[in-house]
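Remarks on the structure that follows.
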Amino acid sequence: MQEAGEATELRAALLRLRRTSGLPVVFGGLLSDARHARIAELNGAQTPALRGLVISAGSGLGGKAIALSRPCAVTDYPASRHISHEYDTAVAAEGLRSVVAVPVVVRRAVRGVLYGALREPLTLGDRTFDATASAARDVEQALAVRDEVRQLLAATREQLTGPGTGPGTWEDVREAHRELRALAPKIMDPALRAELLAVCGRLASATGTEQRQPASGRVRLAPREIDVIACVASGATNAAAAERLGLRPETVKSYLRSAMRKLGAHTRLEAVVTARHAGLLP
C-alpha cells in the first residue's frame, strides 16, 4: 500500500515531469507487490479512467517496463504490436496515443512506474525521454532515503531501549544521530521528518558520560548548526561535512562559526564538548 509520504513524492515528481517535458498527461504508481503497480497519481488527466488501474508485470506498456526494468515507449498505443492490450479501454477513454513508461528502480528492484503521454500519435523525442527518466530518478532517490531512514530509526530505537550503553554502543548512538540529522532535510514527508527529528532529540538528550545542563539553561542552535556540529564531532572537515549535508564548504564554515559563537567556544573540539554538555549532541 502506498504511504502518504510516498504519494507526496510521486505527485511532486509528476508535476516536475509535466512542467519540464511539456507532456499534457503524466501519471504513475508504486508496486504493491513484486508484480503489480496501482496508478495512484495523475496530472493532466481529463477522465478518472486510469485512476486505480492495477498494472501487472508484462501487461501493457507499463507492465512491459516493469518486467524488463527499462523504459518502453509506443508511438500509437492502440495500434502497437509490441505490447499486450489489456488496458486499451482505459487508455482510449483518456484519449492517449503516444506513451512512454519508465520504471522506478531502487537497488535493482522495481518499485514503481511513471508514464508520460500525448493525445496524438507522435514520436517522442530525447527531451521527453530525459525528462521522464529524471522524474523516475527523483522518486528512486526519495524512496532510497526513506528506506535508509526506516532502517536507521529501527536500529536507533533498539539502541535506545536496549540494556545499557557501553563505550562501543555510545559511539553507535552518536553515529546514528549524525546520519539521521543529515537525512532529515532530504525527507519531503513532514510526518516522517518529524518522527526522525524526535528520535534525534531523544538521542541528543540521552545521558552519556557528560553532565548535562538543565534544559532551561541550554544554548539554542539552528537545525543546520546542529547538523554541522554533529559532523564536526565525527572528525569531518568542512569539505567532508559539506558533502555529507549537501551544502557548500563556505556555508558549512558560516554555520560552524555561528554555532561556536553561540556556544562560547574557541575551537572545534570545544564546540563539540560544549554542545554535548548542553544536550544538543549525544
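Excluded from the calculations below are hydrogen atoms, water molecules and symmetry mates; all remaining heavy atoms, backbone and side chain alike, are included.
With respect to the salt-bridge test (charged N to carboxylate O, under 4.0 angstrom), the residues Glu41 and Arg11 qualify. Using a 4.0 Å cut-off between a side-chain N of Lys or Arg and a carboxylate O of Asp or Glu, Arg107 and Asp147 qualify as a salt bridge. Remark: Glu9 engages Arg146 in a salt bridge, criterion side-chain N to carboxylate O under 4.0 Å. Arg127 has no carboxylate O lying under 4.0 Å from a charged side-chain N of Asp130, or vice versa, which leaves the two without a salt bridge. With respect to Glu179 and Arg244, no salt bridge is recorded, no charged nitrogen being found less than 4.0 Å from a carboxylate O.
Between Asp76 and Ser98 the shortest side-chain heavy-atom distance does not fall below 4.5 Å. In this structure, the side chains of Arg224 and Tyr255 come closer than 4.5 Å at one or more pairs of heavy atoms. Counting heavy atoms from C-beta outward, Ile226 and Leu281 have side chains that approach closer than 4.5 Å. Contact of the Ser59 side chain with the Ser84 side chain is registered, since non-hydrogen atoms from C-beta on lie closer than 4.5 Å. Side-chain contact check for Val74 versus Ile83: some heavy-atom pair is nearer than 4.5 Å. Taking the side chain as every heavy atom from C-beta outward, Leu114 and Leu14 approach each other to under 4.5 Å. Cys72 is listed as a side-chain neighbour of Arg70, based on a closest heavy-atom distance under 4.5 Å. For the pair Ile39/Arg51, no side-chain contact is recorded, criterion being any heavy-atom separation below 4.5 Å from C-beta on.
Of the residues listed (Glu250, Arg268, Arg248, Lys253), the one engaging Asn238 in a side-chain hydrogen bond (donor to acceptor under 3.5 Å, both in side chains) is Arg268, and it is the only one.
Counting all heavy atoms, side chain and backbone alike, Leu50 lies closest to Glu94 at CD1-CG, 4.1 Å. Here the closest non-hydrogen pair linking Ala65 and Ala101 is CB-O, 3.8 Å. The heavy-atom pair separating Cys200 from Arg181 by the smallest distance is SG-CG, 3.7 Å. Between Val110 and Ser69 the shortest heavy-atom distance is CG2-OG, 3.7 Å. The shortest heavy-atom contact between Leu263 and Leu280 is CD2-CD1, 4.2 Å. Across all their heavy atoms, Pro24 and Arg119 have their closest contact at CB-NH1, 4.1 Å.
Note: the hydrophobic cluster containing Leu15 does not contain Leu118 (ILVMFWY, side chain heavy atoms under 4.5 Å, direct or indirect links).
The aromatic rings of Tyr115 and Phe27 lie parallel to each other, their planes meeting at an angle below 30°, with 60° marking the opposite boundary.
Panel note: side chain Thr251, backbone Leu247; no donor-acceptor pair is recorded below 3.5 Å. Side chain of Lys64 to main chain of His82: a donor-acceptor pair is present (N/O by atom type, distance under 3.5 Å, no hydrogens or angles).
Applying the 6.0 Å contact sphere to CD of Glu243 captures no more than 12 heavy atoms from other residues, nucleotides or ligands. Counting heavy-atom neighbours within 6.0 Å of Arg35 CZ, excluding the residue itself, gives a total of 12 or less. More than 12 heavy atoms of other shown residues, nucleotides or ligands fall within 6.0 angstrom of atom CG in Asp33.
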Show your reasoning for whether side-chain contact (heavy atoms from CB on, under 4.5 Å) applies to Arg38 and Leu53. CA-CA 6 Å; Arg38 179 178 176 274; Leu53 199 65; over 6 Å; no
Carefully, step by step, assess Val99 and Tyr77 under the rule side-chain contact (heavy atoms from CB on, under 4.5 Å). CA-CA 7 Å; Val99 186; Tyr77 193 103; 4.0 Å; yes
Just do the side-chain contact (heavy atoms from CB on, under 4.5 Å) check on Val102 and Arg137 with the steps written out, would you? CA-CA 10 Å; Val102 178; Arg137 300 299 88 76; 4.1 Å; yes
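Tyr87 meets the ring pair (Phe, Tyr, Trp, His ring centres under 6.0 Å) test with no other residue; sequence neighbours excluded.
Between the CD atom of Glu148 and the CG atom of Leu180 there is a distance of 9.0 Å, given to the nearest 0.5 Å. Atoms CG and CZ, from Leu196 and Arg150 in turn, are 12.0 Å apart once rounded to the nearest 0.5 Å. If you take CG on Leu31 and CD1 on Ile55, they are separated by 10.5 Å, rounding to the nearest 0.5 Å. To the nearest 0.5 Å, the span separating CD on Glu225 from OG on Ser258 amounts to 3.5 Å. Atom OG of Ser234 is separated from atom CD1 of Ile229 by 11.0 Å, given to the nearest 0.5 angstrom. Distance CG/Leu124 to CG/Leu122: 8.0 Å, rounded to 0.5 Å.
Between the side chains of Arg16 and Asn43, not a single donor N or O lies within less than 3.5 Å of an accepting N or O.
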